[in-house]
Amino acid sequence: MKKTLWKTLALMLALVMMLGMFAGCSSSSDADETEETETEEVEETTEETAEETEEAEAEAEEETAAATDFSSITGSLTMGTGGESGTYYAFGGVLSNYIGQNTGLSINTVSTGGTTANIEGISEFLYDLALVQSDVMTYAYEGTNSFEETGANTDFLVLGALYAETVQIVTLDPEITSVSDLAGKSVCVGDVGSGTYYNTVDILAAYGMTLDDITPIYQSFGDSTESLKDGKIDAAFICAGAPTTAVTDLATRQTVYLVSIDDEHMETLLESCPYYASLTIPAGTYAGFDEDCVTITVKATLVCRADLDEDTAYAIVATIFDNAEAITELHAKGAELDLTFATEGIAVPFASGAAKYFAEHGIEVETVD
C-alpha cells in the first residue's frame, strides 16, 4: 500500500514538473513574439515620425518663405505698364499694390504706350520697373530689328517673365477670316512703337504683306475697340493676355471674331521669328466666341533699371513668386506665375537680385557679371 502511494506521489510530482517546463517554454515563446511585435511597432513609429518631421520641415520652409519680412526694404519706385484697358495696366497695378503691402516699398503704377515707351522711359529715368514684351526687349537690348538705327539699349535687366501674351486679331466683320483679308482695310496696329506694332509687322511679313498693304491706325487697346464698335476701323491687332478687358467689354455688346494664323503661314512666321510660339485661344474665351483661334504668343516680362540694388530686386521677385496663390486671388494672371516660365527663353540678362532668388530654387540664369 505504501509503495503504491509513493509511486502515485512520484508520478504526480513528475507531471507537475513537466507542466512547469511546458509553461516556461510557452512563456518564453510568447515573450519573444511580444518583443518582436514591440520592436516592429517601434520601427514603424520611428519611420512615421521621420516622415511627419520631413513634412513639417517642408511646410515650415514654405511658411518661412511666404512670411519673409521685407519691411526693411524701402523706397519709392515707378512702374511703367500699358494702356488702361490692357492687362499690363491691370496686372501691374495688382503687383504694385501687393508688393507695397508686403515690403517697405511704395510703387506707383503709370499708364504708358507699352513696351518701347517703357524701355525708353527707363533710360530717361521715368520708370524704375516696367512690363515689356520679351521679343521687343530682346530687339532693344541687342540693337536689332526695329532698334538698329537707335542702337542697343542696355539700361534695363530682367526680373522675370510673368505670363503669356497672345496676339489677337479682332474684328466685327465675319467676312475677315484670314490675315490676307486685311489687305486694303483700316487696321489698328497698336500705339506707335508698341510691342503690338512689331507683332503686326512680323505677321504681315509672313503673309508677304507690309503696312503699305493696309491703312494702319495707331491707337491703344481701349481706343481700338471703341473704333471697332463705331465702325471706324475694320480690325485691330491686340497683344495682351487673353481674355483682355477691352475685348471682353466689346464682346458683351457685339459679336467678336478672332482671326487665326493658318498652318502654312505659321510655319513661315516661326522660322523667321523664332522668339514666337504658337498658341490656341480656346472657344469661350469671349462671349459669343465659339471657335478656337490659333495665334502666336510672347512673354509679358517684368524688367527694372540696370542699377536697381540687389536687395530691392530680390525682395520684389520673392514677394511675387513666393505668393503666386495669393496674387491669383487678386488677378487671374497670377495663376501663370511659374519659376520655369519666368526664366526659360529669356535672351536679356537678369538683375543680380533676381538671379539670387532663382538660384535658391535651383535655377541658374544669365547676369551681366
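What you are looking at is a predicted structure, and each value in this text was computed from that prediction instead of being measured.
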side-chain hydrogen bond (donor to acceptor under 3.5 Å, both in side chains) involving [X] - partner list, sequence neighbours excluded:
| X | result |
| --- | --- |
| S227 | Q219 |
| T200 | none |
| E84 | none |
| Y141 | none |

Taking side chain as C-beta onward, heavy atoms only, is [X] less than 4.5 Å from [Y]?
| X | Y | answer |
| --- | --- | --- |
| M79 | L77 | no |
| D135 | C273 | no |
| T225 | V170 | no |
| V110 | L126 | no |
| L157 | V303 | no |
| I233 | L228 | yes |
| N108 | S76 | no |
| T196 | F221 | yes |

| request: Sorted by first residue and then second, give each side-chain hydrogen bond (donor to acceptor under 3.5 Å, both in side chains) pair with at least one member in residues 251-260; sequence neighbours left out. | output: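 Pairs touching residues 251-260 that pass the test: E226-R253.
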
| task | Sorted by first residue and then second, give each side-chain hydrogen bond (donor to acceptor under 3.5 Å, both in side chains) pair with at least one member in residues 152-161; sequence neighbours left out. | result |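 Found S123-N153, S123-D155.
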
| message | Run S71 and D69 through side-chain hydrogen bond (donor to acceptor under 3.5 Å, both in side chains) and show every step you take. | response | CA-CA 6 Å; S71 59; D69 184 7; 2.8 Å; yes

Solution key, residues 178-187 side-chain donor-acceptor pairs under 3.5 Å, sequence neighbours excluded:
unit_1, atom_1, unit_2, atom_2, d
S178, OG, S180, N, 3.2
D181, OD2, T177, N, 3.0
D181, OD2, T177, OG1, 3.2
D181, OD2, S178, N, 3.1

| query | For Y139 and Y275, what are the C-alpha separation, side-chain angles and deciding distance, and is it a ring-ring contact (aromatic ring centres under 6.0 Å, His included)? | reply | CA-CA 11 Å; Y139 302 158; Y275 37 79; 5.3 Å; yes

| remark: Residue set satisfying salt bridge (charged side-chain N to carboxylate O under 4.0 Å, His left out) with K333, at least two apart, ordered chain then number -> E336

Considering all heavy atoms, the nearest [X]-[Y] contact:
| X | Y | value |
| --- | --- | --- |
| V317 | L159 | CG2-O, 3.7 Å |
| C304 | A351 | SG-CB, 3.9 Å |
| F350 | A342 | CZ-O, 3.8 Å |
| I327 | I320 | CD1-O, 3.5 Å |
| C239 | V298 | SG-CG2, 4.1 Å |

When rounded to the nearest 0.5 angstrom, what is the spacing between [atom1] in [X] and [atom2] in [Y]?
| X | Y | atom1 | atom2 | answer |
| --- | --- | --- | --- | --- |
| T74 | D311 | OG1 | CG | 10.5 Å |
| L279 | I296 | CG | CD1 | 10.0 Å |
| D191 | T116 | CG | OG1 | 10.0 Å |
| L269 | L204 | CG | CG | 10.5 Å |
| L129 | I122 | CG | CD1 | 7.5 Å |

Would you say [atom1] of [X] has more than 12 non-hydrogen atoms from neighbouring residues, nucleotides or ligands within 6.0 angstrom?
| X | atom1 | answer |
| --- | --- | --- |
| E310 | CD | yes |
| D307 | CG | yes |
| K229 | NZ | yes |

| task | Take F237 and N199, measure what side chain to side chain contact (heavy atoms under 4.5 Å, CB included) needs, and give me the verdict at the end. | result | CA-CA 8 Å; F237 281 79; N199 300 146; 5.7 Å; no

| said: Under 4.5 Å side-chain heavy-atom separation, chaining through any Ile, Leu, Val, Met, Phe, Trp or Tyr, what else clusters with Y89? Say none if it is isolated. | reply: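 Members other than Y89 - counting any ILVMFWY side chain reachable under 4.5 Å - there are none.
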
| task | Using the side chain to side chain contact (heavy atoms under 4.5 Å, CB included) rule, take V348 and F156 through it: C-alpha gap first, then chi angles, then the decisive distance, then the call. | result | CA-CA 9 Å; V348 175; F156 67 96; 3.9 Å; yes

Quick one: side chains of residues 281-293, donor-acceptor pairs under 3.5 Å with protein atoms, not counting sequence neighbours, listed by atom name and distance.
unit_1, atom_1, unit_2, atom_2, d
T285, OG1, P282, O, 2.6
Y286, OH, Q168, OE1, 2.5
Y286, OH, T244, N, 2.9
D292, OD1, A283, N, 2.8

| said: F321: which residues meet the ring pair (Phe, Tyr, Trp, His ring centres under 6.0 Å) condition with it, sequence neighbours left out? | reply: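 Listed in chain order: F358.
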
| field | Listed once per pair and sorted, the ring pair (Phe, Tyr, Trp, His ring centres under 6.0 Å) pairs that draw on residues 164-214, sequence neighbours left out | value |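 Of all non-adjacent pairs touching residues 164-214, those that pass ring pair (Phe, Tyr, Trp, His ring centres under 6.0 Å) are Y207-H265.
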
